[in-house]
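Before any comments, here is the structure.
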Amino acid sequence: MNYKDTINLPKTDFPMRANLVKREPDMLAFWDEIDLYTRLREAGRARKKWVLHDGPPYANGALHLGHAVNKILKDVIVKSKTMAGYDSPYVPGWDCHGLPIEHEVEKKIGREIYRTDPSAFRKACRKFATEQIDVQRNGFIRMGVIGDWFNPYLTMNYETEANGIRALARIMENGHIMHDLMTVYWCSDCASALAEAEVEFMDKISPTVDVRMMAIDRSAVMQVFGKQENDADAMSVSAVVWTTTAWTLPANRAIAVHPDFKYCLVRCSINAGADEYLILAEELVASCMARYGVGQHEIIASASGSELVGVEFGHPIDKDDRPVPTIVGEHVTLDAGTGLVHTAPGHGQEDFDLGKRYNLEIYNPVGPDGKFLLDVPHVAGLAVEDGAKVVTELLRSRGDLVCSDVIEHSYAHCWRHKTPIIFRATPQWFVSMERANLRDTALDAIKNVQWVPKWGEARIDGMVRNRPDWCLSRQRVWGTPLTLYTHKQTGELHPDALEIFERVAKKVEQGGIDAWFDLDDSEFIGEDSADYDKVTDVLDVWFDSGATHYSVLDNRCELTNPAGMYLEGSDQHRGWFQSSLLVSAAINGTAPYHSVLTHGFTVDGEGRKMSKSVGNIISPQEVIDKLGADVLRLWVSSTEYEAEMGISQEILIRTTDSYRRIRNTARFLVGNLNGFDLSDCIAWDEMLELDRWAVRTAIILNGEIEQAYESYRFHVICQKLHRFCIVDMGGFYLDVLKDRLYTMPRDSRARRSAQTAMYHILEAFVRWLAPILSFTAEEIWKFVPGDREQSVFLSQWYDGWPKAAMSDGAMEMDFWKKVIEVREEVNRQLEKSREKGLIGSALAADVSLYCSDELRETLSRLGDELRFVTITSSASVQPVESMNNSAEKSDIDGLAIKVAKSEYSKCIRCWHQTPDVGHDEQHPEICLRCVSNISGSGEQRHYV
RNA sequence: GGGUCUGUAGCUCAGACGGUUAGAGCGCACCCCUGAUAAGGGUGAGGUCGGGAGUUCGACUCUCUCCAGACCCA
C-alpha cells in the first residue's frame with residue numbers, strides 16, 4: 001500500500017514564486033475590468049467620509065523614488081481607511097502651470113514664440129503638461145495606487161483655473177491683497193523679470209569705482225571720531241564707497257556700515273590734490289591706499305560702525321541736494337571695497353530689505369528696457385552700461401572719483417541672452433501677512449491641526465512666523481492670471497475689481513486662461529477699458545496648488561474641505577502645506593486639513609541623498625521591473641518615514657526576503673485549506689486548545705495591526721507581520737500542525753479544527769496585507785475559502801472571529817506561553833543531540849522532561865499529546881526526583897531534559913518511532929495511530 | 001550661519017515616567033529535514049546604544065558640546 005496517498009498534503013495553485021513583474025499587470029487589468037474605484041465609491045456611499053487630498057506633483061519629468069514613497073504612503077492610508085469602514089475617495093492631482101514647463105516647451109518650440117505668440121506658447125504648454133501627466137499616471141497606476149486616475153484634478157483644467165481666480169477674489173475681498181514694490185531679477189533683452197532658476201552665474205569683468213561722498217556736517221563727523229572742529233583744518237571729510245555698478249549711483253539712498261567694524265579717519269591726498277579726510281574700514285585702509293596710489297597717509301582716529309550710524313553724507317550724484325544717511329547693514333563685509341557700502345534700495349535684494357527696514361525711498365530709475373527713465377538727470381535714456389560711463393565721468397570731473405579699476409567676479413546673467421542681469425524694484429502683488437492679520441490667523445489654525453510627526457508643528461509655525469509677505473505676481477505667460485485692472489493715471493484698482501474676477505472666471509471656465517489674455521478688455525470692463533491697464537502678470541504656481549482646497553475640494557462632491565489629511569515630503573512645510581494654509585486662512589480663517597503627515601526624503605544606504613554624480617540613484621521603475629511593485633510597496637511601508645528613508649541593493653534584498661516569507665506563509669495556509677468549505681468549520685468549543693491559541697494570537701495581532709494602521713505606523717505592521725509569519729506560525733503553530741493536518745483523516749474533527757483556525761487566520765491575514773501588499777493580497781483573496789467580494793478592497797477588517805474567541809482567554813494563553821517556553825528548552829537539547837550525531841530529525845528522539853510539581857501539573861494536562869508539541873516520537877513528563885544524571889538542566893527553573901535516540905522502528909506514514917509500529921498485521925510498516933487514521937475511527941486529539 | 005529633524009547589532013525596527021546581564025526579526029555561521037522543497041525547522045555568534053563632557057546613587061533614556069546625515073532658509 002502506498003501510504004503517501006493517505007496523507008493530506010497541502011495543495012494549491014497559488015504559486016510559490018511570486019513572479020510579480022509578470023503577474024502584477026494582470027491584477028491591474030482585473031481591477032480595471034471590475035472598475036474597482038467606482039465599485040469602492042458605490043460601496044462607500046453610506047459611509048462616513050475620510051478624504052486624503054492629493055498634493056499635486058509637478059507635471060514634468062520621470063517619476064523618482066520620492067514620488068513613489070509619497071503615492072504609496074497615500075495609497076496605504078486610503079486603503080486602510082477604506083478597510084476601516086470609511087468612504088475614502090482618492091482624486092489624484094497635477095500641478096500644471098509654471099516655469100519648468102515653460103522652459104521645457106521653450107526647448108521644444110524655441111524662444112521666440114514665448115514673446116511673439118504667447119497664446120500659441122500657452123497652448124504648447126498645455127499639450128506638454130498633458131503628455132507628462134499621461135506618463136506619470138501610468139507610473140503611479142503600475143505601483144498599485146488606486147484612485148480616480150482618469151478623472152484627476154489638474155490645475156490647468158478650465159474650471160480649476162476659474163476657481164483659482166475666484167479664490168484670489170475671496171482673498172482680496174477679505175483685505176489681504178496689496179500692491180507694493182519688490183526687487184526682481186531683470187533681463188533688459190528679455191525686457192522681463194527672471195525667475196531665480198533662469199539666472200546663471202558667469203565670470204564678468206566689471207569696472208569698479210571708489211566714490212567720495214562728502215559729509216554734510218563736518219563737525220558732527222569729527223565728533224564721532226572724538227575730534228574737535230578746529231582739529232579739522234577745514235579739510236573735507238568724506239565717506240568712500242565702492243561699487244561695481246556705477247549705474248546704480250543715481251539711485252543711492254544710504255551708506256551701509258557694519259556695526260561691529262572699526263572705521264578710520266584717514267588723512268591723505270588723493271590724485272595729487274589737497275589733503276583731506278577719508279572714512280574707510282580699518283582693515284581695508286592699506287588696500288585702499290594702495291589702490292588709490294597714496295603713499296603718505298595718516299590714521300587720525302577710529303570709531304565703530306555703530307557710532308557712525310545716522311551721520312549724513314552728500315549724494316554721489318545729487319551732491320548737496322540730497323543728504324544720505326549711514327545705516328547698519330549686517331551684510332557688509334571686508335572682502336573688498338572700503339567697508340562702506342553704497343546702498344540703492346531699488347537695485348538689489350539686500351539694499352531693498354534695508355530700504356524697507358529704514359524706510360528709505362525705493363527708487364528705481366531704470367525702465368523695463370534697461371534704459372534710464374527720461375526724467376533722470378545726466379543719464380536719461382541711456383542703457384545702464386552707458387549710464388555707468390557717464391556717471392563715472394561725471395564723478396571724475398567733480399573730483400569725486402577717488403579711483404576706478406576693473407574686477408573679475410562672478411555675476412548673475414540671463415540664461416537665455418547671457419546678458420548681465422540688473423535688479424529692478426518693480427510693483428508686484430502680494431498677500432500681506434499683516435494687513436488683515438493673516439499671520440495670526442494662520443498661526444492659530446496651525447494649532448488646530450494634527451501634525452504627524454509632532455515636530456511638524458514647530459517647523460511650520462516657525463516658518464509662518466518669520467515669512468515675508470507672499471509675492472503673488474510673476475511676469476510669465478503660463479499661469480493663472482491676476483485678473484486686475486489698474487487705472488492708467490492713478491494706478492488704482494478698478495472699483496469693480498471683485499465683480500471683474502467673477503466675469504473673468506466665467507469666461508475662463510469656458511476657454512481657459514487664454515480668455516483673459518485674448519479677449520478684449522471691453523468684455524470685462526466695457527468703456528472703462530480706455531482708462532485702465534490690464535495686469536498681465538500671472539500667479540505664483542504655489543497659489544494654484546495652495547488654492548486647491550477651494551478650487552477642487554469645494555467643487556467635487558465626493559471630496560470634503562477641510563480634508564482629513566494632506567501628506568507630502570517634509571519640504572512641503574514651506575511649500576504646499578504653507579501655501580494651502582495661507583490661502584485657506586485668507587479665505588476661511590481656518591486650515592484646509594485636519595491632519596498633515598510628512599515623510600522624509602529617500603537616501604542611499606549610507607544616509608546620503610541620491611545624486612547623479614554620486615551614482616547612488618535607484619529609480620522606482622527599476623525596482624518594479626526587477627522585483628515588482630509589491631516589493632517596492634513593502635520597502636516603503638517597512639521603512640520608518642519620519643526621518644530619511646534609506647534604500648540600497650542590500651535593503652531591497654532584505655525586503656524581498658521578507659516578502660517571500662509572507663507570501664509562503666499565505667501559500668501554506670491556502671494549501672492546507674484546499675477543499676475546505678465554510679461548512680467544515682468547527683465550533684469554538686469543539687476546537688483543539690492549540691487552535692484556539694492560534695486564533696486568539698491572531699485576534700490580538702489583528703487589534704495591534706488595526707491600531708497601527710490608524711496611527712500610520714506601517715513599519716510596525718511590517719515587523720509584526722513578519723514576526724508572526726516566522727515565530728508564531730512557521731516556528732511553532734504551523735510546524736506543530738503538520739502532523740495533524742497530514743496524517744489525520746481529512747474530515748476528522750481535529751483536522752477540521754486546525755483548518756478552522758487557519759481559515760480565520762487567513763481571512764485576517766489577507767486583509768492585514770491588503771493596504772501594503774495590494775497585488776499579493778488580491779491574489780491570495782481568490783484562494784480564501786467561501787463566497788466573498790470580488791476584491792479584497794471591497795471588504796473591511798476581518799470581524800468573522802468566533803464570538804467566544806473574543807472573550808477572556810488569559811488562562812489558556814498563559815498555559816501555552818509556558819508550553820512554548822518548554823518547547824524552546826527541548827529544542828536546545830535536541831540541537832545538542834544533533835551536534836553529537838545522536839539524532840537528525842527530532843522525530844528520531846524520545847524526550848523525558850523532569851519537572852517540578854508545578855510544571856509537571858501544567859504539562860501533564862497535554863498527556864500523550866505533548867510529543868506533538870515537541871515534534872518528537874515521545875515526550876514523557878517525570879518528577880524531578882526520578883531524574884538521573886544524563887538529564888540536562890534547562891534555563892527554566894524546575895525543568896531538566898533528557899534526549900534519547902528512539903529505539904523503535906519508524907512508522908513510514910507519520911514518521912514517528914513508536915513501539916506499536918507493525919502491530920497490525922495488515923499494516924506492518926505503520927503505527928497503530930496511523931492504522932486507526934486510515935482504516936479505523938481515527939485517533940482522538942484534545943489539545944494539540 | 002539659522003530653523004526643524006535623524007544617528008540603537010551587517011539590514012529593518014522595539015526600547016512610557018532615567019533603574020536588574022539593551023530586545024525582535026532578517027542576514028550570517030553551523031546543523032537538521034526533504035510530506036510548505038528555487039521551501040521548512042533548530043542552535044549560535046553579533047550592539048554598551050554616533051564621539052566627548054556633565055547632571056544623578058544610577059542614563060540608550062536629561063543637559064551641553066562635537067561629528068555625520070536630511071529637509072528648509074540665509
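None of the values given here were measured: they were computed from a predicted structure. Computed over heavy atoms, backbone and side chain alike; hydrogens, waters and symmetry mates excluded. Per chain, numbering begins at 1; letters A, B, ... match sequence-line order.
Ion pairing between R751(A) and D739(A) fails under the 4.0 Å rule for side-chain N and carboxylate O. Salt bridge annotation for K738(A)-D735(A): present, with a cationic side-chain nitrogen under 4.0 angstrom from a carboxylate oxygen.
Note on N664(A): a base of the nucleic acid sits closer than 4.0 angstrom, heavy atoms only. Residue contacts for L721(A): at a heavy-atom cut-off of 4.0 Å it reaches no nucleic acid atom on any strand shown. Among the protein residues, H715(A) comes within range of the sugar-phosphate backbone only, with heavy atoms under 4.0 Å from sugar or phosphate atoms but none that close to a base. When heavy atoms are screened at a 4.0 angstrom cut-off, S658(A) is found touching no nucleic acid atom at all. Within 4.0 Å (heavy atoms only), E640(A) reaches sugar-phosphate atoms of the nucleic acid but no base atom. Using a 4.0 Å heavy-atom cutoff across all strands shown, G462(A) reaches no nucleic acid atom at all. The residue R17(A) sits close to a base: some heavy atom pair falls under 4.0 Å. The residue G600(A) sits apart from the nucleic acid: no heavy atom pair falls under 4.0 Å. Within the nucleic acid shown, I7(A) comes within 4.0 Å of at least one base atom, counting heavy atoms only. Residue T639(A) is in sugar-phosphate contact alone, with no base atom involved, counting any heavy-atom pair closer than 4.0 Å across all strands shown. Contact annotation for R909(A): base contact, defined as any heavy-atom pair under 4.0 Å involving a base atom. Contact annotation for F601(A): backbone-only contact, meaning every heavy-atom pair under 4.0 Å involves sugar-phosphate atoms and none involves a base. Within 4.0 Å (heavy atoms only), V716(A) reaches no atom of the nucleic acid at all.
Summarising the geometry, the separation between CG on L9(A) and C1' on G40(B) is reported as 13 Å, rounded to the nearest angstrom. One can place CG of L634(A) at 12 Å from C1' of C26(B), the figure rounded to the nearest angstrom. To the nearest angstrom, P of C32(B) lies 18 Å from CD of Q829(A). What separates CD1 of I726(A) from P of U43(B) is a distance of 13 Å, to the nearest Å. Atom-to-atom, NZ of K836(A) to P of G42(B) comes out at 20 Å; the value is rounded to the nearest Å. Taking atom CE of residue M645(A) and atom P of nucleotide C71(B), one finds them 14 Å apart after rounding to whole Å. Between the CG atom of D735(A) and the P atom of C33(B) there is a distance of 14 Å, rounded to whole Å. Here G41(B) presents its C1' atom at 12 Å from CG of L734(A), a figure rounded to the nearest Å.
Positionally, the nearest nucleotide of RNA chain B for G456(A) lies more toward the 5' end than for the other of R667(A) and G456(A). Each of R654(A) and Y3(A) has a nearest nucleotide on RNA chain B; the 5'-most of these lies closest to R654(A).
One P atom belongs to C32(B), the other to G18(B), and the distance between them is 50 Å to the nearest Å. To the nearest whole angstrom, the two P atoms, one in C73(B) and one in C66(B), are 25 Å apart. Spacing between U43(B) and C33(B) at atom C1', rounded to whole Å, works out to 15 Å. As rounded to the nearest Å, A24(B) and A38(B) have C1' atoms that lie 28 Å from one another. Between the C1' atoms of G46(B) and A59(B), the separation comes to 24 Å (whole Å). Rounded to a whole angstrom, the distance from the P atom of G1(B) to that of A9(B) is 29 Å. Across A39(B) and C67(B), the matching C1' atoms stand 46 Å from one another, rounded to whole Å. When the P atom is used for both U6(B) and C64(B), the distance is 14 Å, rounded to whole Å.
A side-chain donor-acceptor contact under 3.5 Å links W451(A) to the backbone of I446(A). The main-chain N or O of V464(A) is found under 3.5 Å from a side-chain atom of R439(A) such that the two form a donor-acceptor pair.
The shortest distance between the side-chain N/O atoms of K609(A) and the OP1/OP2 oxygens of C71(B) is below 4.0 Å. The shortest distance between the side-chain N/O atoms of R834(A) and the OP1/OP2 oxygens of G41(B) is not below 4.0 Å. Note on K738(A): every side-chain N or O is 4.0 Å or more away from OP1 and OP2 of G40(B). Between K4(A) and G35(B), a side-chain N or O to OP1/OP2 separation shorter than 4.0 Å is present. Within the 4.0 Å cut-off from OP1 or OP2 of A39(B), not a single side-chain nitrogen or oxygen of R661(A) is found.
Looking at the side chain of R660(A), the nearest of the listed nucleotides A39(B), C26(B), C72(B) is A39(B). For S841(A), taking side-chain heavy atoms from C-beta onward, the closest of the listed nucleotides C11(B), G35(B), C33(B) is C33(B). Checking C71(B), A39(B), C11(B) against the side-chain heavy atoms of D571(A) singles out C71(B) as nearest. Closest to the side chain of R823(A), out of G10(B), G42(B), C72(B), is G42(B). Comparing C26(B), A36(B), A70(B) against the side chain of E644(A) picks out A70(B) as the nearest. Relative to the side chain of R723(A), the nucleotides G25(B), A36(B), C72(B) differ in distance, and G25(B) lies closest. Distances were taken from every side-chain heavy atom of D657(A) (C-beta onward) to each of G27(B), A36(B), U43(B); the shortest belongs to G27(B). The nucleotide whose nearest atom lies closest to any side-chain atom of R828(A) is, among U6(B), G44(B), C73(B), G44(B).
Taking the six-membered ring for Trp and the full ring otherwise, the centers of H715(A) and Y641(A) sit at least 6.0 Å from each other. A ring-centre distance under 6.0 Å is found for H912(A) and F868(A). Aromatic ring centres of F724(A) and W768(A) lie closer together than 6.0 Å.
Within the structure, every pair that satisfies the side chain to side chain donor-acceptor pair (under 3.5 Å) test and touches residues 600-614 of chain A, not counting sequence neighbours, is listed here: D604(A)-N616(A), S611(A)-S613(A).
Judged by distance alone with a 3.5 Å cut-off, a donor-acceptor contact links the side chain of R459(A) to the base of C71(B). Below the 3.5 angstrom threshold, one finds a donor paired with an acceptor across the side chain of Q719(A) and the base of U12(B).
Between F676(A) and Y759(A), the ring-plane angle classifies as tilted under the 30° and 60° cut-offs. Below 30°, between 30° and 60°, or above 60°: for F423(A) and Y185(A) the angle between ring planes is between 30° and 60°, a tilted geometry.
Residue-nucleotide stacking is present for W911(A) and G35(B), judged by a side-chain ring centre under 5.5 Å from the six-membered base ring centre and planes under 30° apart.
Base orientation at G46(B) is syn, since its O4'-C1' glycosidic dihedral falls within 90° of 0.
In this structure, a donor-acceptor pair under 3.5 Å is present between the side chains of T6(A) and R909(A).
At least one cation-pi condition fails for R823(A) and F732(A): the charged atom is not both under 6.0 angstrom from the six-membered ring centre and inside a 45 degree cone around its axis.
A stem is defined here as three or more consecutive Watson-Crick or G-U pairs, each with both distances under 3.5 Å; for RNA chain B these stems are B:1-7 with B:67-73, B:10-13 with B:23-26, B:28-32 with B:40-44, B:50-54 with B:62-66.
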